[in-house]
Amino acid sequence: MTEDLRTAALESKAWPYEEARKLLKRYPQGKSGDPVLFETGYGPSGLPHIGTFNEVLRTTMVRNAFHALSDTPTRLIAFSDDMDGLRKVPDNVPNGDMLRQHLGKPLTQIPDPFGTHSSFAAHNNAILREFLDRYGFEYEFASSTEYYTSGRFDEALKGVLRHFQGIQDVMLPTLRAERRATYSPVLPISPTSGIVLQVPIEVVDAEAGLIAFEDEGQRITQSVLGGKAKLQWKVDWAMRWVALGVDYEMAGKDLIDSVTQSSKIARVLGGRPPEGFNYEMFLDENGEKISKSKGNGLSLEQWLTYGPEESLAFYAYREPKKAKSLHMGVIPRAVDEYWQFRGNYAGQDLKQKLGNPVHHIHDGKLPTGELPVTFGLLLNLVGVMGDASKEQVWSYLANYVPDASAEKYPELDRLIGYALAYSRDFVAPTLKRRAPEGVEVAALERLDAELAALPTEASAEDIQNIVYEIGKTGGFENLRDWFKALYETLLGSEQGPRMGSFIALYGVENSRKLIAEALAR
């Protein structure tokens, strides 16, 4: 760690550094003994989605930023609330009727509807860990069920019973009248049905961990220790912060009130709430919040079918306090913007580098390599090529990129695979080339003649100048109409690339064939 980097990080306005400085204020003399603890939470009542992944990603960025400011060691716990009772059956899982038979039971006690794991929670936890591992996060996985049943939370649970009334004083004013009548911070597990009960309880002996409650008409006295009870989630969150000593946890904007209540409860329990901030939610293409139970929005697997991991990280980094749509259409732009910022990085001063998203995506250790064409241009190329192979795409790239090969440009080779998949599934079905009309006919004929007369060494810029001149003098009201006509008649889409670059990439002769086909319509 250089002193220059630390000084610049202390002044940087990049949001991970701003967040990391909160921890410096929390421990101005450094944290003695235990590492600074970061936590993320996940409720495995449904399949994990990109929002889950992004919380771990963003927390990791803050953790890395803290390492630039302090030599204090850190840990990151990815905590799964897998002892929650299943409240409803998700829309996007099989065997819904089977799951309905187990409503109310802890997620780790419900059979896996996919038939691959010991429980529904185990299945969803495995998916979460798989995609966190795929990205290479450094984290420790924690299971709520394991922590409760092993006795790890026993002392903290006794603390909840000792401060039972103080917790009620925090929670009851936030609830509706009918909910206040039955609310309890502690949820016993029924000894007969195995369901997580939401019933009033009486503290019998806080030091022994004993409570009493009614279950199916009988008064039951039962311990809360060793996994025989769990806590309402706001109380559970606060208890966990205190029991584990969590120093930092972020949460979605929809949980602002929950953070407020849990922070109050943490103080009642004698602890200190963690630092953190509230990020905005991801929305699907209809503007609705993405949900585990609905399965709307994008899955991590879907994004990584059509774009690389770093493009998703880039999308997650930008403007975390602004709501953003999460659908297939955002992937190409995220890919190209990532590469634009990565290309700028080497020429920036230290202050600019610390504000560059790629610095936080790669923790300042950027990979080598360059991208000689944009992802958008690749999509246009494979769109006109139709059902093409990687080898065919590379043969076209030879028109545009000196010494074009997968060996020289391995990251471009990866992007060709993504472009072929994206074009096949989302671009090709929408392409519809129309016939040219009015002044467009003469303009295309002129473009064909100008291309035919070009010398073999003509550059993309030379071609772009020709396209531009035809648009200015070809009878169009504005250049936008000319470019729109080129996209719609030659490429079959409403938007497209810089035509000089595209024609150079696709080849002059191949581009003339596109013009001939358009004129023949």
Side-chain angles (χ1 to χ4, degrees), residues 37-63 75-88 90 92-93 106-110 112-114 117-149 152-153 196 230-241 243-244 246 248-255 258-259 262 274 276-279 281-282 289-301 303 312-313 316 320 326:
L37 184 60
F38 294 79
E39 182 183 57
T40 63
Y42 163 59
S45 57
L47 301 176
H49 53 60
I50 285 181
T52 311
F53 168 83
N54 284 340
E55 185 167 309
V56 181
L57 175 74
R58 288 168 172 164
T59 302
T60 297
M61 289 177 175
V62 177
R63 184 185 182 193
R75 294 169 58 210
L76 169 60
I77 291 178
F79 197 94
S80 172
D81 294 312
D82 57 16
M83 203 167 160
D84 280 352
L86 181 65
R87 290 186 291 276
K88 63 178 181 177
N92 60 337
V93 300
L107 295 164
T108 44
Q109 300 302 312
I110 296 174
D112 178 16
F114 296 89
H117 291 77
S118 60
S119 68
F120 188 32
H123 176 274
N124 294 337
N125 286 341
I127 294 177
L128 173 71
R129 298 178 73 171
E130 180 183 335
F131 71 54
L132 296 184
D133 292 342
R134 177 172 178 173
Y135 194 81
F137 289 116
E138 180 190 329
Y139 71 99
E140 302 164 36
F141 178 78
S143 158
S144 176
T145 299
E146 193 276 323
Y147 275 46
Y148 270 100
T149 58
R152 187 159 181 178
F153 282 155
V196 181
K230 75 173 298 291
L231 301 178
Q232 289 276 10
W233 86 269
K234 291 178 186 177
V235 186
D236 182 277
W237 206 11
M239 178 275 294
R240 201 162 73 221
W241 289 344
L244 302 180
V246 176
Y248 188 90
E249 182 164 4
M250 58 178 64
K253 188 178 178 180
D254 58 332
L255 297 181
S258 299
V259 171
S262 294
F277 85 122
N278 296 101
Y279 54 81
M281 310 307 295
F282 282 116
K289 173 186 164 185
I290 61 174
S291 158
K292 292 191 297 291
S293 60
K294 288 183 180 179
N296 57 336
L298 290 184
S299 71
L300 183 80
E301 198 58 43
W303 186 297
L312 173 56
L326 191 61

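Since this is a predicted model, take the numbers as computed values, not measurements. Numbers here are sequence positions counted from 1.
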* To do: Please lay out, stage by stage, how Ser258 and Trp233 fare under the test side chain to side chain contact (heavy atoms under 4.5 Å, CB included).
  => CA-CA 9 Å; Ser258 299; Trp233 86 269; 3.3 Å; yes

* To do: Quick one: do Met281 and Asp254 satisfy side chain to side chain contact (heavy atoms under 4.5 Å, CB included)? Show the steps, please.
  => CA-CA 8 Å; Met281 310 307 295; Asp254 58 332; 3.4 Å; yes

* Residue pair Phe137, Phe131: steps toward the side chain to side chain contact (heavy atoms under 4.5 Å, CB included) verdict -> CA-CA 9 Å; Phe137 289 116; Phe131 71 54; over 6 Å; no

* To do: Please check if any side-chain donor atom of Thr145 sits under 3.5 Å from a side-chain acceptor atom of Asp82, or the reverse.
  => yes

* **salt_bridge(Glu138, Arg63) N-O dist < 4.0 Å** => yes

* **Salt-bridge criterion met for Glu301 and Arg134 (N-O under 4.0 Å)** => yes

With a 4.5 Å heavy-atom cut-off, do [X] and [Y] have their side chains touching?
X: Ser119; Y: Ile110; value: no
X: Tyr248; Y: Leu37; value: no
X: Leu300; Y: Leu312; value: yes
X: Asp133; Y: Tyr139; value: yes
X: Gln109; Y: Phe120; value: no
X: Asp84; Y: Lys230; value: yes
X: Phe153; Y: Leu244; value: yes
X: Thr59; Y: Met250; value: yes

* Is a donor on one side and an acceptor on the other found under 3.5 Å between the side chain of Arg152 and the backbone of Glu146? -> no

* To do: Taking Asp236 for its side chain and Gln232 for its backbone only, find out whether a donor-acceptor pair lies under 3.5 Å.
  => no

* Any chance you could measure Leu107, atom CG, to Asn124, atom CG, to the nearest 0.5 Å? => 8.0 Å

* Rounded to the nearest 0.5 Å, how far does OG of Ser45 lie from CG of Leu86? -> 7.0 Å

Considering non-hydrogen atoms only, spot the tightest contact between [X] and [Y] and give its length.
X: Ala142; Y: Ile77; answer: CB-CG2, 3.6 Å
X: Arg240; Y: Glu39; answer: NE-OE2, 3.0 Å
X: Ser262; Y: Ala238; answer: O-CB, 3.2 Å
X: Leu57; Y: Ala313; answer: CD2-CA, 3.6 Å
X: His117; Y: Asp112; answer: N-OD2, 2.9 Å
X: Met239; Y: Leu231; answer: CB-CD1, 3.7 Å

* Among Tyr42, Phe141, Tyr147, Phe38, find the residue that satisfies the ring-ring contact (aromatic ring centres under 6.0 Å, His included) test when tested with Phe79. => Tyr147

* To do: May I have the step-by-step check of side chain to side chain contact (heavy atoms under 4.5 Å, CB included) for Tyr135 and Val56, ending in yes or no?
  => CA-CA 10 Å; Tyr135 194 81; Val56 181; over 6 Å; no

* Return yes when atom CD of Glu130 has more than 12 non-hydrogen atoms of other residues, nucleotides or ligands closer than 6.0 Å, and no otherwise. => no

* To do: Could you label the plane-to-plane angle of the Phe277 and Tyr279 rings as parallel, tilted or perpendicular, counting under 30° as parallel and over 60° as perpendicular?
  => perpendicular

